[in-house]
Undergrad: 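Got a structure here, written out as structure tokens. Questions coming.
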Amino acid sequence: MIKFFLMVNKQGQTRLSRYYEHVEIHKRTMLEAEVIKNCLSRSKEQCSFIEYKDFKLVYRQYAALFIVVGINETENEMAVYELIHNFVEVLDRYFSRVEKWCVMRNDHEVNVNSPYLTKTDTHLSFFFQSELDIMFNLDRVHIILDEMVLNGCIVETNKNRILAPLFVLDKMAES
Amino acid sequence: MSDVVERTLSALPGLLGQHDPGAGPGGGPGRVSATSRLGGLIRSITALSSKHEEEKLIQQEQTNLKATVSAPTTTLRLMKECMVRLIYCEMLGYESSFGYIHAIKLAQQGNLLEKRVGYLAVSLFLHENHELLLLLVNTVVKDLQSTNLVEVCMALTVVSQIFPREMIPAVLPLIEDKLQHSKEIIRRKAVQALYKFYLIAPNQVQHIHDKFRKALCDRDVGVMAASLHIYLQMIKKNASGYKDLTESFVTILKQVVGGKLPIDFNYHSVPAPWLQIQLLRILGLLGKDDPRTSELMYDVLDESLRRAEINHNITYGLKALTYVIQQDPNLALQHQMTIIECLDHPDPIIKRETLELLYRITNGQNVTVIIQKMLDYLRQSKEEYTIINLTGKIAELAEKYAPDNEWFIQTMNAVFSVGGDVMHPDIPNNFLRLLAEGFDDEKEDEQLRLYAVQSYLSLLEEEDTFYPQKFLQVMSWVLGEYSYLVNDGDPEVIITKLYRLLKQTFVTSETKAWIMSAITKISSRMPCSKTVDKLMQEFSTSLDTCMRQYAFELKHLCENKELMKNLLPLDASCDEIMVDASLSFLDGFVAEGLSCGAAPYKPHHQRQEEKLSQEKALNFEPYGLSFTSSMSSSGFTGRQSPAGLSLGSDVSGNSAEIGQKETNCLKLDSVRKLWGKEGYLPKKETKTGKEDKTQPVPQDSILMGHVVDLPLTQSEQQVVSLSEEDKEKQQLASTLFVGLGSNNTISLMGKADTTPQKFKKKSKISETQNSKETSSFQNIATLPFSPLPDTAPNNKENFQGNEHLGLRKVSLSSSEVLEASVSFDTSQSLTEAVLDEKLSNCRLSASSLFADSNIEVFQPSQSVPDIVANKAPLSLCLPGELADHPHSEIVELCSSDILTMYSCKVWTDDRLLLILFIANKSISPLKTVTLVFESAEHFKIFESLSCHFPVIEAQSMESCQKCVQLEKICTEGILSGSISYHLDTDTHLEFSLTFSLSDFIRPMKITTEDFGKLWLSFSNDVKQNLKMSPSQGSLSVVLNALKEKLKLHIVEIIGNEGIVACQLLPSVPCLLHCRTHARTLALWFRSSCSALPDSLLYQCQKVMEES
């Protein structure tokens, strides 16, 4: 079962959090700080799963943004690992910036530890843009996530079906 | 914050200007503009550089929001934006509860996206038990009935996220309707909502199980997939109930794997991988321990494996390998080089997984290498959890596979010094126990002890080395007990070393107690010692009162060497110490006191009862079982001698025995009488128990000593030229994987003892005793030890051997037998009868149990077994004292030509007894009849899950009784088991029994006044209105029906109101308030247990429907 779904940037700022078990607010911030500390301490060569206290963290890094999912021992790490990527692909499709995310991913694969300092300004805006996308559309990102994960279970992975309700909402809001 | 971000931020305004980030594909009017307040907040948040700034910003934001949300002029659109801002505040860790009610309002009033955000905010802000959640119910009901599908979707989504349990009946019919909806998304979300209900209140959706099946067969993949979540949960609870669906799941998986799904279910060209995983999980549960069901799956599993792409993430591979190895150790051989590489992997997580894998393939031949690897890892590890985990594994492997004494002691030394004070307390306890009790060979014992002493002496040689407290305690105990084994050792030297430790500041006072005790033991074996004198001098003025006391005790003992020697005999740590617990030597004193007019002594419980009855308050809290095992972990502080440690671990090792009540007193039975009125009683008693108690554990494990050819050939052929490094790795591989191969079975998951164990612990049984029986202590102390706890597991082993055979047999036996077995139970408890049973072995229990009742032996005519049908013949009857209690009919449980089994539930006041009768219908005696229950999630069976009859004579009957307890509340549950017997061949019959909650419900007799008090003290309540049928005329008729069926106690009926009380065994109370109005009966349950009202309501509903 999935316990929480987090998006945190390299500075340790939470950009999205969804808990599938009730956690008190002040405990959340502590947990998130610990979680990101754990993720940042790991290098690119190390695997994407961390055993943390009595549960496991599965994380992926997209440019400066970490997506971290806390799971218990009954959940399959690989399933969650791919779920994260599926989620990112859905966001891609929604924000129609597939190319950009690809650029980021490639960069992420090639360039391990050095941050995006060395990149040109255009790249830089791209990276920052994706984080801003999420920040400005926090409600929509949540709606997408709610379609994919409910009660800590993966409920939908078909991209068309995930986005369908949101597209309808957007269309109706337009008219 | 890094300067990167700062640079970015300075570019932000321009960036936002040229590129509106809110513009999604359908970027409509709902998008956020950079100039809005949300834009402002986001800009400020990204610019934050300190916690302090953040606090200031959010406080300011919250003040603004408070004003905006409560202003009547605020539009819904603005309100939606406010909600997102509130979500930000909470996400950063600042509670914004003032906005919760507005989130609910927005969900109620908003239009589409606003409504959705309202629902979203509710699901983020509130938790399951939040009181505001009730306000959402009306909105949800309205939206569920909406003609706008988008609204229906939203309502269904929020219901499956968060919904008040008690309001489920309000929406359930609406959601059930949605299961037939034409749109797949609605059907899918309806199933998801039902899943949520199943999670929080399984009883409420019990009636729609057939609809789940419909969902499983839905033409749409999504709906089917949604139903799998429910099935996974249900199968987890009761796999046997869903075996018939195995083929359906297999078919679905086949279709998925075969690429029959619509293309958009593919993920990177793999067909619906998550769905595959879910199906595999379900099949795994269904196939577990069931070869017949598993056979249905093999094909599709093979197919799935073949199609699955090999993933390169190593940990995953290792994980998979770990699991696969549980099935087939040979597979590890094919991957040995990968495993070796993983061992040197820089990532500690991968290393740990590798060690986990090695742990599973450890055997007598590779143990040294594997443990070396584990110790290497352990030394680098700082994390507490890892240390605890790994030390436990090393200790376990070392004890099991140690090649020689020297290695064992060295390994344990490493464990103690690294594991230190975080490791599990059982490790030192078990180690000392092993040393103290020894194993079969006296000489070996001595050598092990001697080696331990020598190694500790050399460790203590080095001054100023820091050792963990636990290690020091182990050392001092061993030195105290066994230092005499060192022939050339001068005890003075050892005492000096220990004395030096006492002076160290890092030694805690608990450890000092251990050291003092060691010094005392050693000094009892030497005439006089300067160091001891110095020590006594020094510590008799110590500020530490414990140390001072030890010093004085030592001083007094030193003055009487003879007494000291008697008190501290050599190598007697395993001998039992006897205490006269009844304090009989004080009888005279008591009599004197009584004659002078003193009040007679009342035991504690009696005093408590009196006090309670005065206060008129009831104590419904069950008295906590205090497990004696806690002794072993609590440490031995204060005055208790460290030698008590071995006693403590004995107790914990015998956990099967200790689930009983009132074991929190000292375990005094089976203890020799050494201390009495006159002080120490030096006369040696005959060691009655000693001989009997060391039951040799039968060595039915198969010897696996022989070494197999190293199965390296494959990899050797592949790698033609090996580099030096590779060669090294190869060598390591050959040492690691030695002993693994086709001819060798290794102990896998369960770590079954297939290898001869070097250190085999003696089994030691200490009887648990109710303190009520302590009056007859001295008698009991001379009783021989019961061998029962040893025999039970053996029976089980025998039985497992028969299992496969039995399974096939069962399929041949008539299925009617299985169906006929409706629920019947028995129960039994810790009454004296059971105690008898324990002492005299199962076989005798039946006869002793029925000794004073004239039970007739049932002799069915062999030619016409059909007559027996479902109902037992009259000649079967319960023993006298049980027959007086309410009980079920005696019903046939299972039967073959040879044997028939009957069962009967007896509902005594405080427990549920299950009586099982086993009749041998044949004309020859049946051998090795073994009855075994499967362990069930909801129930617990006392004393053990099995019952064994070596022989049942021809045409005769045996019986046994078990006490069944409800461990987890459920309305109905199945307890299954099997009986096997030997007549020419081994035969195996399966049976199952159904228990319902009402079996465990008993009336609670209380007064109206007490009811009132209790009612207020309970927080869990459930209300429900039930329709009354015309035949259920008045309240008293209904209540009497409930009373009869459910064993409730009617406290009082006044007019159209009534109050009823009952308790769930052992003592969980549940109160019920009923009121009739028109033709409805309003039920209101309250209990201290949250699950109980729900389940009881279900039972009441059933009774109402039936009557």
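Letters go in sequence order (proteins before strands), and every chain restarts at 1.
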Undergrad: From A:E21 CD over to B:E128 CD, what is the distance, rounded to the nearest 0.5 angstrom?
TA: 11.0 Å
Undergrad: Most heavy-atom pairs under 4.5 angstrom with chain B, which of A:N151, A:N9, A:V155, A:T29?
TA: A:N151
Undergrad: What part of A:N160 gets closer than 4.5 Å to chain B, counting heavy atoms only: side chain, backbone, both or neither?
TA: side chain
Undergrad: Please classify the contact between A:I154 and chain B as side chain, backbone, both or neither, with a heavy-atom cut-off of under 4.5 Å.
TA: both
Undergrad: Show, in sequence, the C-alpha distance, side-chain angles and deciding distance for A:E75 and B:I277, and conclude whether the side chain to side chain contact (heavy atoms under 4.5 Å, CB included) test is met.
TA: CA-CA 10 Å; A:E75 190 56 76; B:I277 290 174; 5.9 Å; no
Undergrad: Is it the side chain or the backbone of A:V168 that comes within 4.5 Å of chain B heavy atoms, both, or neither?
TA: side chain
Undergrad: Flag the pair A:E147 / B:K189 as yes when at least one side-chain heavy-atom distance between them is below 4.5 Å, and no otherwise.
TA: yes
Undergrad: For the candidates A:H142, A:M172, A:R161, which exhibits the highest count of non-hydrogen atom pairs separated by less than 4.5 Å from chain B?
TA: A:R161
Undergrad: Are B:L113 and A:R140 packed together at the side-chain level, in the sense that at least one heavy-atom pair is separated by less than 4.5 angstrom?
TA: yes
Undergrad: Stepwise, does the side chain to side chain contact (heavy atoms under 4.5 Å, CB included) test hold for A:E51 with B:N389?
TA: CA-CA 13 Å; A:E51 285 179 31; B:N389 184 337; over 6 Å; no
Undergrad: Between CZ of B:F125 and CD1 of A:I25, what distance do you get to the nearest 0.5 Å?
TA: 8.5 Å
Undergrad: Walk me through it: do A:Q13 and B:M91 pass the test side chain to side chain contact (heavy atoms under 4.5 Å, CB included)?
TA: CA-CA 10 Å; A:Q13 294 160 320; B:M91 191 167 79; over 6 Å; no
Undergrad: Look up atom CH2 in B:W274 and atom CD in A:E156, then write down how far apart they are to the nearest 0.5 Å.
TA: 10.5 Å
Undergrad: Calculate, to the nearest 0.5 Å, the distance between atoms CG and CZ belonging to B:L92 and A:R15 respectively.
TA: 8.0 Å
Undergrad: To the closest 0.5 Å, what do you measure between CG (A:L138) and CG (B:L120)?
TA: 7.5 Å
Undergrad: So which part of A:L169 gets closer than 4.5 Å to some heavy atom of chain B, the side chain, the backbone, both or neither?
TA: side chain
Undergrad: Does atom NZ of A:K27 have more than 12 heavy-atom neighbours, drawn from other residues, nucleotides or ligands, at distances under 6.0 Å?
TA: no
Undergrad: As an exercise, state the distance from OG1 of B:T157 to CD1 of A:I143, rounded to the nearest 0.5 Å.
TA: 9.5 Å
Undergrad: Against chain A, work out which of B:M83, B:E114, B:E54, B:R281 has the most heavy-atom pairs shorter than 4.5 Å and name it.
TA: B:R281
Undergrad: Using the side-chain contact (heavy atoms from CB on, under 4.5 Å) rule, pick out the option among B:R116, B:E81, B:K80 that qualifies with A:D139.
TA: B:K80
Undergrad: Are any side-chain N or O atoms of B:D264 and backbone N or O atoms of A:K159, one a donor and one an acceptor, separated by less than 3.5 Å?
TA: no
Undergrad: For a side chain to side chain contact (heavy atoms under 4.5 Å, CB included) check, start with the C-alpha distance between B:H229 and A:L150, then their side-chain angles and the critical distance, and finish with the verdict.
TA: CA-CA 11 Å; B:H229 292 290; A:L150 272 181; over 6 Å; no
Undergrad: Restricting to non-hydrogen atoms, name the atom on A:F136 and the atom on B:Y88 that form the minimum distance, rounded to 0.1 Å.
TA: N-OH, 4.4 Å
Undergrad: For the candidates B:Q192, B:E90, B:E95, which exhibits the highest count of non-hydrogen atom pairs separated by less than 4.5 Å from chain A?
TA: B:Q192
Undergrad: Heavy-atom cut-off 4.5 Å, strictly under: side chain, backbone, both or neither for B:Y94 against chain A?
TA: backbone
Undergrad: Let me know if A:E32 has heavy atoms under 4.5 Å from chain B in its side chain, its backbone, both or neither.
TA: side chain
Undergrad: Check each atom of B:Q278 against the heavy atoms of chain A and say whether the ones under 4.5 Å are side chain, backbone, both or neither.
TA: neither
Undergrad: Which residue out of A:T14, A:T157, A:I50 racks up the most heavy-atom pairs below 4.5 Å with chain B?
TA: A:T157
Undergrad: Can a donor-acceptor pair be found between the side chains of B:S123 and A:R18 at a distance below 3.5 Å?
TA: yes
Undergrad: Measure B:L41 against the heavy atoms of chain A and call it side chain, backbone, both or neither at under 4.5 Å.
TA: neither
Undergrad: Which pair of heavy atoms, one from A:S17 and one from B:L124, lies closest together, and at what distance?
TA: O-CD2, 4.0 Å
Undergrad: Where does A:H22 contact chain B at under 4.5 Å (heavy atoms): side chain, backbone, both or neither?
TA: side chain
Undergrad: Restricting to non-hydrogen atoms, name the atom on A:C153 and the atom on B:Y195 that form the minimum distance, rounded to 0.1 Å.
TA: SG-OH, 3.4 Å
Undergrad: Give the ring-plane orientation class for B:Y267 versus A:H85, where under 30° counts as parallel, over 60° as perpendicular and anything between as tilted.
TA: perpendicular
